[in-house]
Amino acid sequence: MKQVLQTVAYRSVYTVAYALSLLPMAFLYAMASFTFFLAYYIIGYRKTVVIQNIARSFPDHQYGEIHAIVKKFYVCFASYFAEIIKNISTPAEALDKKIIFENLELIDQYINSGRNVIACLGHCGNWEMLNFIPYKMRHETYAVYKPLKSEVMNRLMIKLRSRFGMKLIPDRAVIRHILSKNSGPAVYLFLSDQCPRIKEEKYRFTLLNQETYVFSGMEKLARVGRTAVIYLHITQLSRGNYKIICIPICSVAESVNEGEITKKYVDLLAENIKEEPYGWLWTHKRWKR
């Protein structure tokens, strides 16, 4: 009975989301503006966390500069949700005009050499746009994710992210998958910028002027799976339009010293955030004090 109710709830939520996606983008952005007003001025959703995170990350910024970033972050954050909804029904041809990829041939180069590719990124820009990347490549593409507690929302997330052929793997199953996969090399997407539960001293680095523990799983998996590693640098060209640049981190993971891959990832993430400080997900408690 529980499974039936969850299926009904999932289909209902998806139907509503799909219907909303058929509305004009101008209307969805208007809804986003209203959401921004509520989140920023009325509810103050995690506003203290956002202000503290940005102030500590940019200690040289003046009060006005910090609050300008905070405000623009909330504007962009609300817009991302409108774009995610719209993309439920947007044709691939239309998205292809909104998302520019640079150096995508780097992935081809590594795959053609017989290596898996780990593409790591941060919560920069509208990272959900990356569900479109399989459309641009002929290679199998997997996204490593942490299953949500809500079965309904988990199924919805999988549905939306797999629309263009992305395959999703729960984080606890990815090692077994890579080591047992026999159908040729593939691309694996990792979001690695949240606070890990297990803090390892070897994976503590400086990110935005703060001592930061980073997930070690991405690098350890790269070594075990003998993969190449790249960073996906995401920036917003204009509202709803994005550029994603493939930046090499290493071509042979097992050939570099332990910690080097993660350190390079942290440095590239910092550059990405500094280029577009309002685009990162400042609402999560990255530095728990």
Side-chain angles (χ1 to χ4, degrees), residues 10-11 13-25 28 79-112 116-148 152-171 173-174 177-178 181 183-192 227-228 230-247 279 281:
Y10 158 72
R11 290 178 177 173
V13 172
Y14 179 74
T15 299
V16 171
Y18 188 86
L20 286 172
S21 77
L22 299 176
L23 295 171
M25 194 67 237
L28 293 175
S79 295
Y80 297 158
F81 282 101
E83 292 160 9
I84 291 169
I85 290 173
K86 186 63 180 176
N87 290 348
I88 294 174
S89 62
T90 302
E93 295 76 14
L95 284 175
D96 201 20
K97 297 177 181 178
K98 290 180 168 294
I99 308 172
I100 297 173
F101 288 91
E102 282 190 11
N103 204 25
L104 205 57
E105 60 273 13
L106 180 66
I107 294 177
D108 292 330
Q109 176 186 326
Y110 291 144
I111 292 288
N112 292 338
N116 289 312
V117 177
I118 286 181
C120 52
L121 62 146
H123 289 83
C124 299
N126 194 341
W127 64 90
E128 290 292 345
M129 289 287 195
L130 280 169
N131 74 335
F132 182 68
I133 199 169
Y135 177 83
K136 301 292 291 184
M137 301 187 301
R138 63 180 184 277
H139 314 298
E140 280 190 308
T141 308
Y142 297 86
V144 180
Y145 79 105
K146 186 176 181 63
L148 301 177
V152 173
M153 296 310 295
N154 194 62
R155 288 180 65 181
L156 182 63
M157 176 186 67
I158 293 173
K159 174 73 172 178
L160 300 185
R161 290 183 175 177
S162 61
R163 184 180 170 215
F164 297 103
M166 183 85 74
K167 299 174 183 177
L168 273 71
I169 307 176
D171 52 359
V174 65
H177 173 87
I178 288 182
K181 188 175 182 295
S183 59
V187 182
Y188 296 84
L189 269 61
F190 275 79
L191 274 162
S192 305
T227 75
I230 66 171
Y231 178 79
L232 298 179
H233 183 101
I234 306 173
T235 52
Q236 182 174 257
L237 298 173
S238 59
R239 201 176 195 186
N241 296 276
Y242 298 89
K243 180 167 69 174
I244 301 169
I245 305 173
C246 300
I247 302 175
L281 185 61

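Only heavy atoms go into these numbers, but all of them, side chains included; no hydrogens, no water, no symmetry mates. Residues: numbered from 1 along the sequence shown.
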Do the rings of [X] and [Y] sit parallel, tilted or perpendicular, given the 30° and 60° boundaries?
{"X": "Y14", "Y": "Y18", "result": "tilted"}
{"X": "Y188", "Y": "Y142", "result": "parallel"}
{"X": "F132", "Y": "F164", "result": "perpendicular"}

- Item | Exceeds 12 heavy-atom contacts within 6.0 angstrom, atom CZ of R11 |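 It does not: R11 CZ has 12 such atoms or fewer within range.
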
Approximate separation, where rounding is to 0.5 Å, of [X] [atom1] and [Y] [atom2]:
{"X": "I158", "Y": "Y10", "atom1": "CD1", "atom2": "OH", "answer": "9.0 Å"}
{"X": "I84", "Y": "S21", "atom1": "CD1", "atom2": "OG", "answer": "12.5 Å"}
{"X": "I133", "Y": "H139", "atom1": "CD1", "atom2": "NE2", "answer": "10.0 Å"}
{"X": "I99", "Y": "L130", "atom1": "CD1", "atom2": "CG", "answer": "7.5 Å"}
{"X": "T227", "Y": "I111", "atom1": "OG1", "atom2": "CD1", "answer": "10.0 Å"}
{"X": "S192", "Y": "Y231", "atom1": "OG", "atom2": "OH", "answer": "10.0 Å"}

- Query: Checking side-chain contact (heavy atoms from CB on, under 4.5 Å) against I244, which of L232, N103, L121 comes through?
  - Reply: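 That would be L232; it is the only one of L232, N103, L121 passing the side-chain contact (heavy atoms from CB on, under 4.5 Å) with I244.
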
Which heavy atom of [X] sits nearest to which heavy atom of [Y], and what is that distance?
{"X": "Y135", "Y": "A92", "value": "CE1-CB, 3.4 Å"}
{"X": "S89", "Y": "L22", "value": "OG-CD2, 3.7 Å"}
{"X": "A82", "Y": "L28", "value": "CB-O, 3.6 Å"}
{"X": "P134", "Y": "T141", "value": "CG-CB, 4.0 Å"}
{"X": "P147", "Y": "N154", "value": "CA-OD1, 3.4 Å"}
{"X": "I85", "Y": "A17", "value": "CG2-O, 3.9 Å"}

Taking side chain as C-beta onward, heavy atoms only, is [X] less than 4.5 Å from [Y]?
{"X": "L237", "Y": "K98", "answer": "no"}
{"X": "I234", "Y": "M129", "answer": "no"}
{"X": "D96", "Y": "K136", "answer": "yes"}
{"X": "M137", "Y": "F101", "answer": "no"}

- Report yes or no: does N116 contribute a side-chain atom to a donor-acceptor pair with the main-chain N or O of A186 at less than 3.5 Å?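 Side chain of N116 to backbone of A186, a donor-acceptor pair under 3.5 Å: yes, one is there.
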
- Item | Under 3.5 Å: donor-acceptor pair, side chain of Q236, backbone of G125 |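 Side chain of Q236 to backbone of G125, a donor-acceptor pair under 3.5 Å: no, none is there.
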
- Query: Please walk me through it: do L23 and L20 pass side-chain contact (heavy atoms from CB on, under 4.5 Å)?
  - Reply: CA-CA 6 Å; L23 295 171; L20 286 172; 3.8 Å; yes

- Can you name the one residue among R161, K86, R163 that meets salt bridge (Lys or Arg N to Asp or Glu O under 4.0 Å) with E128?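 Filter result, single survivor: R161.
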
